[in-house]
Amino acid sequence: MPPQQSMRTVAIEAALQAGRAIRGLHGQVSHVRFKGTVDIVTEADEQSERIILQALNRHFPDHGVLSEESGSVAARNLGSDYLWIIDPLDGTTNFAHGYPMFAVSIGLEVKGQRELGVVYAPVLDELFVAERGQGAYLNGERLRVSTTDSLIYGLLASGFGYEPTMAESNVAHWRRFLPLTQGLRRDGSAALNLCFVAAGRLDGYWEMGIRHWDSAAGALMVLEAGGQVTDFAGGPYAGDAPNCLASNGILHPAMLEALAAG
Ligand code: IPD
Ligand code: CA
């Protein structure tokens, strides 16, 4: 039996180890495999996932695991009260192009409630950690969402998934937000976009069609930094719901209104 370690410690160590492996492969992608027309998997996704799954299997063999992997999903023990939700490399397209916005994301839900989120961005060397009721931290420093109180002073981000019709619909939202805000960003990592909302670097983020592993850790980060996360109707955001709106809370009503406009 491995020594007893807290779930937090195991998740942090796995994220750091996986992130360092990804960083070692950065700039040397020799082979990508296509899951869809533009959706790819690299050796780094697979290596990172192996490292994380090994750590979880070793310490918590009975826990449930849901992980984006190799064009399918590694799912086991899904009846357990504990569910680890993993994106071994969020921002794979960025990684493959040497664009440094990518991260490892590990979330833990207990009986369906978000308990722990760990996101590690290896090039930035930024480790985000949130625990329910304990706050959100970046490299040990407590995070707070921004206090921006008007959309026109806000910097927002969105993402465009791989599903073409979904991406098309999001273009309408993008167009609507563009004149209403100080700026919009699309930089290809949902997990980091959520962490950046938690850190006050972004004032809000929305995306359609994201997957449970994209948001499991990042959504808790926003909530623990004092922000708000809902679906596009303002209702609770379930981890596996497709539409996610995160903000500093103050801008939430204005963002909901813009999203409802069509
Ligand atoms: C993607 C990124 C991207 C988001 C997509 C995700 P991946 O994850 O988070 O920003 O817009 O919806 O699928 O494929 O790089 O792990
Ligand atoms: Ca991924």
Side-chain angles (χ1 to χ4, degrees), residues 15 18-19 21-23 25-26 29 32-53 66-74 85-107 117-124 126 128 156-171 173-174 177 184-198 201-202 204-219 221-222 229 231-232 237 239-246 259:
I22 292 171
R23 191 168 56 208
L25 292 164
H26 189 217
V29 179
V32 300
R33 200 161 46 72
F34 283 82
K35 297 197 262 186
T37 318
V38 291
D39 193 0
I40 55 172
V41 186
T42 70
E43 194 184 330
D45 299 68
E46 292 170 348
Q47 195 167 318
S48 170
E49 183 162 78
R50 267 196 303 277
I51 290 168
I52 299 164
L53 292 186
L66 181 70
S67 182
E68 184 188 21
E69 165 204 71
S70 313
S72 65
V73 169
I85 305 127
I86 300 153
D87 192 336
L89 175 41
D90 183 61
T92 302
T93 307
N94 288 341
F95 170 80
H97 287 262
Y99 187 90
M101 181 84 176
F102 50 82
V104 176
S105 174
I106 302 177
V118 175
V119 175
Y120 180 54
V123 176
L124 303 173
E126 291 192 332
F128 296 86
L156 308 185
S158 187
F160 293 81
Y162 302 106
E163 216 268 290
T165 50
M166 197 76 86
E168 289 259 314
S169 328
N170 201 29
V171 169
H173 295 313
W174 183 275
F177 275 116
L184 297 182
R185 300 288 180 266
R186 184 274 172 113
D187 45 17
S189 166
L192 282 180
N193 285 153
L194 287 162
C195 288
F196 285 11
V197 173
R201 296 170 178 172
L202 290 170
Y205 157 79
W206 82 93
E207 183 161 346
M208 301 174 75
I210 64 169
R211 312 298 301 268
H212 204 167
W213 47 78
D214 295 319
S215 65
M221 215 70 65
V222 174
V229 186
D231 61 20
F232 285 4
Y237 172 66
D240 53 359
N243 296 341
C244 176
L245 169 63
L259 288 168

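All ligand and atom numbering here is 1-based and tracks the order in the structure. This structure is a prediction, so every number in the text was calculated from the model and none was measured.
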- Query: In Å and rounded to the nearest 0.5 Å, what is the CZ to OH distance from Phe232 to Tyr237?
  - Reply: 9.5 Å

- Query: With a 4.0 Å cut-off on heavy atoms, does Arg186 reach ligand 1?
  - Reply: no

- Note: ligand 1 atoms sitting under 4.0 Å from heavy atoms of Glu68 are 16 (O)

- Item | Per-atom contacts of ligand 1 with Gly161, taking only distances under 4.0 Å to non-hydrogen atoms | 12 (O)

- For the atom pair CZ (Phe102) and CG (Asp45), what is the distance rounded to the nearest 0.5 Å? 10.5 Å

- Task: Of the side chain and backbone of Ala190, name the one, both, or neither that has a heavy atom under 4.0 Å from an atom of ligand 1.
- Result: both

- Item | Residues in side-chain hydrogen bond (donor to acceptor under 3.5 Å, both in side chains) contact with Glu163, at least two apart in sequence or another chain | Thr165

- Would one find an N or O of Gly209, backbone or side chain, under 3.5 Å from an N or O of ligand 1? no

- Query: Which atoms from ligand 1 have a heavy atom of Asp90 less than 4.0 Å away?
  - Reply: 1 (C), 2 (C), 7 (P), 8 (O), 9 (O), 15 (O), 16 (O)

- Item | Approximate separation, where rounding is to 0.5 Å, of Leu202 CG and Arg185 CZ | 8.5 Å

- May I ask you to identify, for Asp214, whether its side chain, its backbone, both or neither come under 4.0 Å of ligand 1 on a heavy-atom basis? side chain

- Closest candidate by heavy atom, reference atom 16 (O) of ligand 1, pool Asp87, Asp187, Leu192: Asp87

- Nearest heavy-atom approach of Ala103 to Pro122 is CA-CD, 4.2 Å

- Message: Looking at ligand 1, would Phe102 count as a contact under a 4.0 Å heavy-atom criterion?
- Response: no

- Contact check, Asn193 vs ligand 1, heavy-atom distance below 4.0 Å: no

- Message: Within ligand 1, which atoms have a heavy atom of Glu207 less than 4.0 Å away?
- Response: 4 (C), 5 (C), 11 (O), 12 (O)

- Please confirm whether Ile210 comes within less than 3.5 Å of ligand 1 when only nitrogen or oxygen atoms on both sides are compared. no

- Under 4.0 Å from one or more heavy atoms of Leu89, ligand 1 contributes atoms 16 (O)

- Item | Asn170 versus Ser158, side-chain donor and acceptor atoms under 3.5 Å | yes

- Task: Drop me the distance from Ile106's CD1 to Ile52's CD1, to the nearest 0.5 angstrom.
- Result: 4.0 Å

- Query: If you count the atoms of ligand 1 from 1 in the order shown, which ones are under 4.0 Å from a heavy atom of Gly91?
  - Reply: 7 (P), 15 (O), 16 (O)

- Message: With side-chain contact (heavy atoms from CB on, under 4.5 Å) as the test, pick out the partner of Ser215 among Val222, Leu194, Ile85.
- Response: Leu194

- Message: Rounded to the nearest 0.5 Å, what separates atom CD in Glu43 from atom CG in Leu89?
- Response: 11.5 Å

- Task: Just jot down the salt bridge (Lys or Arg N to Asp or Glu O under 4.0 Å) partners of Arg23, sequence neighbours excluded, or say none.
- Result: none

- Please work out which of Ser105, Gly159, Gly188 has its closest non-hydrogen atom nearest to atom 10 (O) of ligand 1. Gly188

- Message: I'd like to check which ligand 1 atoms, numbered from 1 as shown, lie under 4.0 Å from a non-hydrogen atom of Ser189.
- Response: 9 (O), 10 (O)

- Query: About how many Å separate OG1 of Thr92 and CD of Glu68, when rounded to the nearest 0.5 Å?
  - Reply: 6.5 Å

- One finds that the ligand 1 atoms under 4.0 Å from a non-hydrogen atom of Phe160 are 11 (O)

